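First the structure, in the form of structure tokens, and then the observations on it.
The structure displayed is predicted, hence computed values, not measured ones. The figures here come from the full heavy-atom set of this structure, side chains too, leaving out hydrogens, waters and symmetry mates.
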Amino acid sequence: MSEDATARSDSPGSPDAGEVRLAEVEPRWNISPSQPVIAVIAASGSPAGALTRKLVWLRWGLVPPWAKSQPAGRGLVNARAETVASKPSFRSAFAARRCILPADGFYEWQVTEDVAGRRTKNPYYARAPGGDLLALAAVWEEPNGPVGAPLGSCAVITAPANAALAQVHDRMPVLLPSASWARWLAPEPLDEASHRELLRPAPDGLLVVEQVSTEVNNPRADGPSLIRAAGT
DNA sequence: CCAGACGTTGTT
DNA sequence: GTCTGG
DNA sequence: CCAGACGTTGTT
DNA sequence: GTCTGG
């Protein structure tokens, strides 16, 4: 699966790499792993009970804190809601560095086999019916190496697909309702009850899911036409 | 004890 | 850093 | 996530 | 098949 979200994203400038300057953000329609995404995190030093937030650029593909630097691969793109609290790669991030990736929607791929046994990958775009931004739950890490990796990194948390998406794929990103944003972003461990309450599949009816052109299968393709429903 | 993995998705 | 496997 | 590349010595 | 790049 992939949360190739249509967050508004662009390459950060060298100075202030992690700082988001909204006026310079360009819209994106095909964000894939390894690329910068905009994340909402708790501002450091915000007092408990008076959380302040800030926007930062993170690279999609979490690099665990014990890794010396950016690994060869793409990093850890997803973390399962069922295991994110205990896996060594995510445990510390889940305890102290939860974040939200704002996105207008996300893609999921339906893999099917035709009669000849060939696999086809058909993309679907999921979004809120009213056009509201979605809040994708994620965890993040600070950059590890001394120099060379200016951005932090993040992994999207997934849960079992809800009914709206189950026909397309068996997993989906965890989507957080606004009422839970503050609790999710607070930089301290989540109690077990909150963990179970927040990290579950989105309610059915939250999303409209439409098939889109396989044009989006090319990671270099971008533009508003990618989210146009197929056949329209 | 030390060495080596540490993640997911999807595919076989 | 921490857990798992040998 | 998907798409596309994947390699070196030595020869033309 | 597997890795890299986007």
A:W60 atom CH2 is separated from B:dT9 atom P, nearest whole Å, by 12 Å
Query raised in the report: For atom P, what is the distance between D:dC2 and B:dT9, given to the nearest Å?
Result: 12 Å
Separation of C:dG1 atom C1' from A:F90 atom CZ, nearest Å, is 15 Å
Could you list the protein-to-nucleotides 3-6 of chain C atom pairs, N/O on both sides, closer than 3.5 Å?
residue, atom, partner, partner atom, Å
C:dC3, OP1, A:R91, NH1, 2.6

**Asked** With a 4.0 Å cut-off, would you call A:E141 and A:R98 a salt bridge?
**Response** no
The complete set of salt bridge (charged side-chain N to carboxylate O under 4.0 Å, His left out) pairs with one or both residues in residues 159-170 of chain A, sequence neighbours excluded, reads none
Sorted by chain and number, sequence neighbours left out, salt bridge (Lys or Arg N to Asp or Glu O under 4.0 Å) with A:R196 holds for A:E192
A:L165 CG to B:dT9 P, in whole Å, measures 14 Å
Testing B:dC6, D:dA3, B:dT9 for proximity to the side chain of A:K121, the answer is D:dA3
In whole Å, measure the gap between the P atoms of D:dG10 and B:dA3 for me.
39 Å
note: A:E108, atom CD; B:dT8, atom C1'; distance rounded to Å ~ 12 Å
Notebook entry, point to check: Say you pick atom P in C:dG1 and the same atom in B:dT8; how far apart are they, in whole Å?
Noted result: 23 Å
Between CZ of A:R220 and C1' of D:dC2 the distance, given in whole Å, is 11 Å
> Taking atom types as modelled, is there a side-chain donor on A:R80 or A:T158 under 3.5 Å from an acceptor on the other?
Replying inline: no
For DNA chain B, the dot-bracket notation using Watson-Crick and G-U wobble pairs below 3.5 Å, [ ] for pseudoknot-type crossings and | for other-strand pairs, is ||||||......
Residue pairs passing the ring pair (Phe, Tyr, Trp, His ring centres under 6.0 Å) test with at least one member in residues 193-232 of chain A, sequence neighbours excluded, are A:F94-A:H195
Checking B:dT11, B:dC6, D:dG4 against the side chain of A:S89 (C-beta onward), the nearest is B:dC6
Discussion item. At less than 4.0 Å, is any side-chain N or O atom of A:T158 found next to OP1 or OP2 of B:dT9? Yes or no.
Written reply: yes
Open item on the list: Does A:S34 reach a base, just sugar-phosphate, or nothing at all? Heavy atoms under 4.0 Å.
Closed with: base
Those residues at least two apart in sequence (or on a different chain) that pass side-chain hydrogen bond (donor to acceptor under 3.5 Å, both in side chains) with A:T232 are none
Rounded to whole Å, CH2 of A:W29 lies from C1' of D:dC2 at a distance of 20 Å
Check your understanding: When you compare E:dT4 with B:dG4, how far apart are their C1' atoms, in angstrom units rounded to a whole number?
Key -> 24 Å
| request: Give a yes/no answer on whether the side chain of A:N218 brings an N or O atom under 4.0 Å of OP1 or OP2 in D:dA3. | output: no
**Message:** We want to know whether A:N217 and A:T214 form a side-chain donor-acceptor pair, criterion being a heavy-atom distance below 3.5 angstrom.
**Reply:** no
To the nearest angstrom, the CG-C1' distance between A:L199 and B:dT8 comes to 16 Å
A:Q211 meets the side-chain hydrogen bond (donor to acceptor under 3.5 Å, both in side chains) criterion, sequence neighbours left out, with none
To the nearest angstrom, the CZ-P distance between A:F94 and B:dT8 comes to 13 Å
Residues passing the side chain to side chain contact (heavy atoms under 4.5 Å, CB included) test with A:R91, sequence neighbours excluded, are none
ask   = Has A:R119 got a side-chain N or O lying under 4.0 Å from the OP1 or OP2 atom of D:dC2?
value = no
Q.
By the 4.0 Å heavy-atom rule, please label A:T83 as base, sugar-phosphate, or nothing.
A. sugar-phosphate
**Prompt:** Does the ring of A:W66 meet both stacking tests against the six-membered base ring of B:dC6: centre distance under 5.5 Å and plane angle under 30°?
**Reply:** yes
Salt bridge (charged side-chain N to carboxylate O under 4.0 Å, His left out) pairs touching residues 205-232 of chain A, sequence neighbours excluded, are A:R28-A:D222, A:R127-A:E210
